[in-house]
Amino acid sequence: MVFFQKEKDVEQRIKLLKILEKIGFLKLLSYTRHEYAFLFVYGEAPMNMIKLARELSKGEKKPKQIIESLEVFRTRLINQNNIVSRIKGDFQKSGFYKWHGIKYFLYEYELFLKEKSKAKRYKLNWDNFNNEDSGDFKTIEHIYPQNTHKPCWTRKFSNYNTPQRNILRQSLGNLLPLSHPKNSSLGNKCFEEKCSNGENVGYKYGSYSEIEVSEKDDWTAKEILERGLKLLNFMEERWGIKLGNRNEKIDFLNLGFVEEKEKEKI
């Protein structure tokens, strides 16, 4: 509030909001919700926002210096040696589906696809998507279903043991934001029917993220891995977080066993 009182330039205001959002996303990446616990876990002293506001209010610092201080803080945080390994450990232990930042992340990717398509229409409403009381449908879909005994799914994943199949189900690349209640009824259907059931229901008619998935010919462990890598690449570019090379990203996703199985097929 103090910043907006002191700084009238729109570009500077946007810069402040962007850097705060990037810091906030780093917090979202952690399963530690409390701000102070999050910062101390990753070995960084908390940024004293009250002190910064006081200094700005008294004229001891200019708005531009506040932005610079926040940027230095964020850079120090993401460049710590253990931050990626700790975040990776959290995801390997708990998966991505229960991550409290999953909806925000998938929504940001949806906006990225919208801009990429140069379309004007929003196909995913944030208020509905983020509403915990969204009614009779889940807003995040497991493409490879959590519970299914259909041959169309069991055949595709027969080379994987039970723990591996569970990891694949909860993996980042297997999670999809749904834009319509009707699509949630497709839960355990075969992939082809999930994409389109012949009655204008399915991924093909959903969000930009759903449409992107519907363009795949099949949905196997390989597609889950490749989509997961694509989403991590987006994360790197969108929030400036270095997650490493392809092999390191595969390790981040805890899907090294998929790469090994694919090599066996060659």
Colleague: Any chain of hydrophobic side-chain contacts (each under 4.5 Å) joining Phe191 to Ile211?
Modeller: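 Phe191 does not cluster with Ile211.
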Colleague: Taking the ring of Phe112 and the ring of Tyr109, is the distance between their centroids below 6.0 Å?
Modeller: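 Judged by ring-centre distance (under 6.0 Å), Tyr109 and Phe112 do meet the cut-off.
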Colleague: Look at Glu71 together with Arg74 and state whether they make a salt bridge at an N to O cut-off of under 4.0 Å.
Modeller: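 Here Glu71 pairs with Arg74 in a salt bridge, since their nearest N and O are under 4.0 Å apart.
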Colleague: With the 4.5 Å side-chain cut-off for hydrophobic clustering, are Leu111 and Met235 part of the same group?
Modeller: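 Same cluster.
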Colleague: To the closest 0.5 Å, what do you measure between NZ (Lys103) and CG (Asn130)?
Modeller: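 Rounded to the nearest 0.5 Å, the NZ-CG separation comes to 5.5 Å.
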Colleague: Once rounded to the nearest 0.5 Å, what's the spacing between atom CG of Leu176 and atom CD1 of Ile140?
Modeller: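 Leu176 atom CG to Ile140 atom CD1 measures 9.5 Å (nearest 0.5 Å).
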Colleague: Within the side chain of Trp99, is there an N or O that forms a donor-acceptor pair under 3.5 Å with the backbone of Leu28?
Modeller: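 Yes: the side chain of Trp99 pairs with the backbone of Leu28.
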Colleague: I need the single residue from Lys249, Lys216, Arg246 that forms a salt bridge (Lys or Arg N to Asp or Glu O under 4.0 Å) with Glu226. Which is it?
Modeller: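 Going through the options one by one, the only one that passes is Arg246.
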Colleague: What is the distance from atom CZ of Phe96 to atom CG of Leu106, rounded to the nearest 0.5 Å?
Modeller: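 So the CZ of Phe96 and the CG of Leu106 are separated by 11.0 Å.
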Colleague: Establish whether Tyr122 and Phe129 are linked, either directly or via other cluster members, by ILVMFWY side-chain heavy-atom contacts under 4.5 Å.
Modeller: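 They do share one cluster, since a chain of ILVMFWY contacts under 4.5 Å joins Tyr122 to Phe129.
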Colleague: So if I apply the side chain to side chain contact (heavy atoms under 4.5 Å, CB included) rule between Lys18 and each of Leu20, Leu16, Ile14, which one comes out positive?
Modeller: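 Only match with Lys18 under side chain to side chain contact (heavy atoms under 4.5 Å, CB included): Ile14.
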Colleague: Do the side chains of Glu108 and Arg238 get close enough for a salt bridge, i.e. N-O under 4.0 angstrom?
Modeller: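 A salt bridge is present here (some side-chain N lies under 4.0 Å from a carboxylate O).
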Colleague: Tell me the closest heavy-atom pair linking Arg227 and Ile143, and the distance in Å.
Modeller: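 Scanning both residues completely, I find the closest heavy atoms to be NH1-CD1, 4.4 Å.
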Colleague: Using side chain to side chain contact (heavy atoms under 4.5 Å, CB included), reason through Arg121 and Lys123 one step at a time and then give a plain yes or no.
Modeller: CA-CA 6 Å; Arg121 180 187 171 197; Lys123 296 190 175 187; 4.0 Å; yes
Colleague: Any donor-acceptor pair under 3.5 Å linking the side-chain atoms of Glu199 with those of Tyr205?
Modeller: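 The criterion, which ignores hydrogens and geometry beyond distance, is not satisfied for Glu199 and Tyr205.
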Colleague: Ignoring hydrogens and geometry, is there a side-chain-to-backbone donor-acceptor pair from Asn254 to Phe91 under 3.5 Å?
Modeller: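 Not at all, since once roles are kept as given, no pair shorter than 3.5 Å links the two residues.
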Colleague: Which heavy atom of Asn159 sits nearest to which heavy atom of Gln164, and what is that distance?
Modeller: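 Nearest heavy atoms, Asn159 then Gln164: O-OE1, 4.5 Å.
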Colleague: To the nearest 0.5 Å, how far apart are CD1 in Ile23 and CG in Leu70?
Modeller: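 Rounded to the nearest 0.5 Å, the CD1-CG separation comes to 5.0 Å.
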Colleague: Is any side-chain heavy atom of Phe105 less than 4.5 Å from a side-chain heavy atom of Leu29?
Modeller: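 Sidechains of Leu29 and Phe105: no contact.
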Colleague: Above 12 or not: heavy atoms from other molecules or residues under 6.0 Å from CG of Asp217?
Modeller: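 Counting neighbours around CG of Asp217, 12 or fewer heavy atoms of other residues, nucleotides or ligands fall under 6.0 Å, so no.
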Colleague: Measuring from atom CG of Leu229 to atom CG of Leu243, what distance do you get when rounded to the nearest 0.5 angstrom?
Modeller: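 Spacing of CG (Leu229) from CG (Leu243) equals 10.5 Å.
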Colleague: For Lys114, I'd like to know if atom NZ has over 12 heavy atoms of other residues, nucleotides or ligands within 6.0 Å.
Modeller: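 More than 12 heavy atoms, drawn from other residues, nucleotides or ligands, come within 6.0 Å of this atom.
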Colleague: Can you see which heavy atom on Glu210 is nearest to which on Gly206, and at what distance?
Modeller: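 Scanning both residues, the minimum pair turns out to be OE2-CA, 3.4 Å.
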Colleague: Could you check if a side-chain atom of Ile19 sits within less than 4.5 angstrom of a side-chain atom of Phe73, using non-hydrogen atoms only?
Modeller: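 No; the side chains remain at least 4.5 Å from each other.
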Colleague: Under the 6.0 Å and 45° cation-pi test, does Lys150 pair with Trp153?
Modeller: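 Pair Lys150/Trp153 does not count as cation-pi.
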Colleague: Starting from Leu26, can I reach Val72 by hopping between I/L/V/M/F/W/Y residues whose side chains sit under 4.5 Å apart?
Modeller: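 The answer is no; the residues belong to distinct hydrophobic clusters.
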Colleague: Going through the distances and angles, do His142 and Gln170 end up as a side chain to side chain contact (heavy atoms under 4.5 Å, CB included)?
Modeller: CA-CA 8 Å; His142 292 77; Gln170 309 303 328; 3.3 Å; yes
Colleague: Any side-chain heavy atom of Ile87 within less than 4.5 Å of one from Ile83?
Modeller: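 They are in side-chain contact.
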Colleague: Can you confirm whether Leu255 sits close enough to Ser171 that some side-chain heavy atom of one is under 4.5 Å from a side-chain heavy atom of the other?
Modeller: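 Yes - at least one pair of side-chain heavy atoms lies under 4.5 Å apart.
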Colleague: Can you tell me if Glu110 uses its side chain to pair, donor with acceptor, with the backbone of Ser209 under 3.5 Å?
Modeller: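 Side chain of Glu110 to backbone of Ser209: a pair is present.
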Colleague: When clusters are formed by joining ILVMFWY residues with side-chain heavy atoms under 4.5 Å apart, either directly or through shared neighbours, do Phe157 and Ile250 land in the same one?
Modeller: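 Cluster IDs for Phe157 and Ile250 match.
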Colleague: At their closest point, which heavy atom of Ser214 faces which heavy atom of Cys195, and how far apart are they?
Modeller: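 Closest approach of Ser214 to Cys195, heavy atoms only: CA-SG, 3.6 Å.
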Colleague: Using a strict cut-off of less than 4.0 Å between a Lys/Arg side-chain nitrogen and an Asp/Glu carboxylate oxygen, indicate whether Glu141 and Lys194 qualify as a salt bridge.
Modeller: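 Lys194 and Glu141: salt-bridged.
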Colleague: Could you tell me if the side chain of Glu192 sits less than 4.5 Å from the side chain of Trp219, heavy atoms only?
Modeller: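 In short, these two side chains do not touch, never coming nearer than 4.5 Å.
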Colleague: Could you give me the CA-CA distance, side-chain angles and deciding distance for Ile224 and Leu168, then say whether side chain to side chain contact (heavy atoms under 4.5 Å, CB included) is met?
Modeller: CA-CA 7 Å; Ile224 292 174; Leu168 284 163; 4.1 Å; yes
Colleague: Does the side chain of Ser117 reach to within under 4.5 Å of the side chain of Tyr208, using non-hydrogen atoms?
Modeller: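 In short, these two side chains touch, coming nearer than 4.5 Å.
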Colleague: Can any side-chain N or O of Arg169 pair as donor or acceptor with the backbone N or O of Asn174 at less than 3.5 Å?
Modeller: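 Flag not set: sc Arg169 to bb Asn174 has no pair under 3.5 Å.
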Colleague: Under the 3.5 angstrom rule, does the side chain of Glu260 hit a backbone N or O of Phe257 as a donor-acceptor pair?
Modeller: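 Judged by distance alone, no pair lies under 3.5 Å.
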Colleague: With no hydrogens and no angle check, do the side chains of Tyr160 and Arg165 hold a donor and an acceptor under 3.5 Å apart?
Modeller: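 No, no side-chain donor-acceptor contact under 3.5 Å.
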Colleague: Heavy-atom count check: over 12 atoms from other residues, nucleotides or ligands less than 6.0 Å from Asn147 CG?
Modeller: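 No, CG of Asn147 has 12 or fewer neighbouring heavy atoms, counting only those of other groups under 6.0 Å.
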Colleague: Nearest 0.5 Å, please: how far is OG1 in Thr75 from CG in Leu77?
Modeller: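 So the gap between those two atoms works out to 9.5 Å.
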Colleague: If every non-hydrogen atom of Thr148 is compared with every non-hydrogen atom of Thr154, which pair is closest and at what distance?
Modeller: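 So the minimum-distance heavy-atom pair works out to O-CG2, 4.3 Å.
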Colleague: For residues Phe234 and Trp239, establish whether the separation of their ring centroids is below 6.0 Å.
Modeller: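 Yes, the ring centres sit under 6.0 Å apart.
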Colleague: Is it the case that over 12 heavy atoms from other parts of the model lie below 6.0 angstrom from the NZ atom of Lys15?
Modeller: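 Count not over threshold, so no.
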Colleague: Run the side chain to side chain contact (heavy atoms under 4.5 Å, CB included) check on Glu212 and Lys230 step by step: do they pass?
Modeller: CA-CA 12 Å; Glu212 182 182 56; Lys230 178 183 284 190; 3.3 Å; yes
Colleague: Considering non-hydrogen atoms only, spot the tightest contact between Thr139 and Asn128 and give its length.
Modeller: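 Looking at all heavy atoms of both residues, the closest pair is CG2-O, 4.0 Å.
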Colleague: Under 3.5 Å, side chain of Glu193 to main-chain N/O of Cys190, donor-acceptor pair present?
Modeller: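 Absent.
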